[in-house]
There are 2 protein chains.
Amino acid sequence: MESNDLWSSGFVAEPTFWINHASRLIMREFEQLLRPLGFGTAYLPVVMLLEQHRELQQRQLADFVRVEQPTMAALLTRMQRDGLIVRTPHPTDARSSLISLSPKALERLPEVMAVLGDGVGRALDGVPEEDRAALQRILRIVVTNLGGIP
Amino acid sequence: MESNDLWSSGFVAEPTFWINHASRLIMREFEQLLRPLGFGTAYLPVVMLLEQHRELQQRQLADFVRVEQPTMAALLTRMQRDGLIVRTPHPTDARSSLISLSPKALERLPEVMAVLGDGVGRALDGVPEEDRAALQRILRIVVTNLGGIP
DNA sequence: TTGCTTTCCATAGCACCCTATGTATTGTGA
DNA sequence: TCACAATACATAGGGTGCTATGGAAAGCAA
């Protein structure tokens with residue numbers, strides 16, 4: 001009885017479980033890479049968005065990143081605790097606030113990118129370019145199927 | 001500025017992020033499908049293993065499923081709470097106990113499989129067989145790269 | 001303008017996974 | 001045999017994500 005048995009038979013062998021399995025390992029890897037930099041894996045999409053759009057509301061961030069609103073709220077709380085974002089009151093909507101990157105975040109961004117590049121490279125080592133493209137194409141279908149892209 | 005922007009440019013466009021994105025949506029879907037049955041998504045690998053091997057130690061389960069020991073401990077606690085597993089003292093090792101499926105778990109297994117089959121089908125709808133195979137092949141490389149298979 | 005609906009957030013509670021540690025038992029070499 | 005190392009599990013503390021609710025402001029229609 002090999003340990004491989006589990007991941008090669010029955011429902012657990014379905015690609016969906018492999019996706020989950022790979023995702024767990026990727027998170028594990030990235031989390032370790034980013035910990036020394038005071039970054040979390042989940043911060044990245046938010047940072048990328050705020051870098052491009054200067055300031056956004058929580059609602060917009062949640063929609064773009066495709067997580068639920070309470071998830072984004074908790075994420076922003078962590079990012080604020082780590083000094084990476086700033087909240088300023090919305091000029092015309094008292095319910096909302098505008099979120100933007102702190103100088104600290106912008107400053108650390110290049111290093112984060114570099115470290116993350118290493119991680120991506122390690123994860124995809126030995127996967128030829130056409131397979132990476134195929135991976136993306138197929139996963140896009142899966143995401144679309146499950147409502148990830150409206 | 002489309003919401004798709006984020007997932008089509010920069011590091012976030014890397015396949016690793018698509019894997020995470022797809023994984024999240026899959027978990028969301030499966031969790032909803034299994035909730036009415038009193039099952040969690042993470043239960044499945046454990047159930048499959050115990051169905052085949054009758055009884056196993058926590059350590060073996062963690063190794064096979066490839067999660068850390070405390071993760072398996074918490075998972076088994078939830079499964080026990082839901083009445084799906086039974087712990088019996090290990091005959092020769094006082095530190096350990098043997099874990100096996102309850103009749104309730106075996107009874108519900110077929111329905112769980114059926115519901116899960118629907119979920120897998122929905123997630124992979126429109127993905128031809130050769131692409132599913134490719135997906136599995138590529139993800140296997142990623143998992144191996146990140147130490148998922150010793 | 002008033003009153004209803006919608007929208008934006010916050011909070012509570014839970015699933016799932018990780019690292020870091022501690023405790024107790026087992027196994028092993030001197 | 002006895003002290004030390006290895007093993008099995010428990011616990012503490014977080015990160016990431018979801019659903020379900022509730023409160024407050026904004027939008028809108030009568």
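Chain letters run A, B, ... following the sequence lines, proteins first and then strands; every chain starts at 1.
Atom CG of Leu56(B) is separated from atom P of dC9(D) by 11 Å (rounded to the nearest Å). When rounded to the nearest whole Å, the span between CG of Leu98(B) and C1' of dC9(D) equals 14 Å. Rounded to whole Å, atom P of dG17(D) lies 13 Å from atom CG of Leu61(A). If you measure from atom CD of Glu68(B) to atom C1' of dT19(C), you get 8 Å, rounded to the nearest angstrom. Between Met27(A) atom CE and dT19(C) atom P there is a gap of 12 Å when expressed in whole angstrom units. Rounded to whole angstrom, the span from the CG atom of Leu75(B) across to the P atom of dC9(D) amounts to 14 Å. Straight-line distance from the CD1 atom of Ile26(B) to the P atom of dC18(D): 14 Å, rounded to whole Å. Between the CG atom of Asn20(B) and the C1' atom of dC17(C) there is a distance of 13 Å, given to the nearest Å.
When heavy atoms are screened at a 4.0 angstrom cut-off, Thr92(B) is found touching the sugar-phosphate backbone but no base atom. Among the protein residues, Tyr43(B) comes within range of the sugar-phosphate backbone only, with heavy atoms under 4.0 Å from sugar or phosphate atoms but none that close to a base.
Panel note: side chain Asp82(B), backbone Leu84(B); no donor-acceptor pair is recorded below 3.5 Å. In terms of modelled atom types and a separation under 3.5 Å, the side chain of His53(A) and the main chain of Glu55(A) share no donor-acceptor contact.
Between Glu31(A) and Ala94(A), the residue anchored closer to the 5' end of DNA chain D is Glu31(A), taking for each the nucleotide with the nearest heavy atom. Between Arg35(A) and Gly40(B), the residue anchored nearer the 5' end of DNA chain C, judged by the nucleotide with its closest heavy atom, is Gly40(B).
One finds no salt bridge joining Glu130(B) and Arg137(B) here, because no Lys/Arg side-chain nitrogen approaches an Asp/Glu carboxylate oxygen to under 4.0 Å. Using a 4.0 Å cut-off between charged side-chain N and carboxylate O, Asp118(A) and Arg122(A) make no salt bridge. With respect to the salt-bridge test (charged N to carboxylate O, under 4.0 angstrom), the residues Glu29(B) and Arg24(B) do not qualify.
At most 12 heavy atoms of other shown residues, nucleotides or ligands fall within 6.0 angstrom of atom CZ in Arg54(A).
The two residues Arg108(A) and Phe39(A) make their nearest non-hydrogen contact at CB-CE1, 4.2 Å.
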Q: Mark up nucleotides 6-11 of chain C, 5' to 3', with B wherever a protein heavy atom is under 4.0 angstrom from a base atom, S wherever such an atom reaches only the sugar-phosphate, and - elsewhere.
A: -BSBBB
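Contact check, Gln32(A) against dC18(C): no side-chain N or O comes under 4.0 Å of OP1 or OP2.
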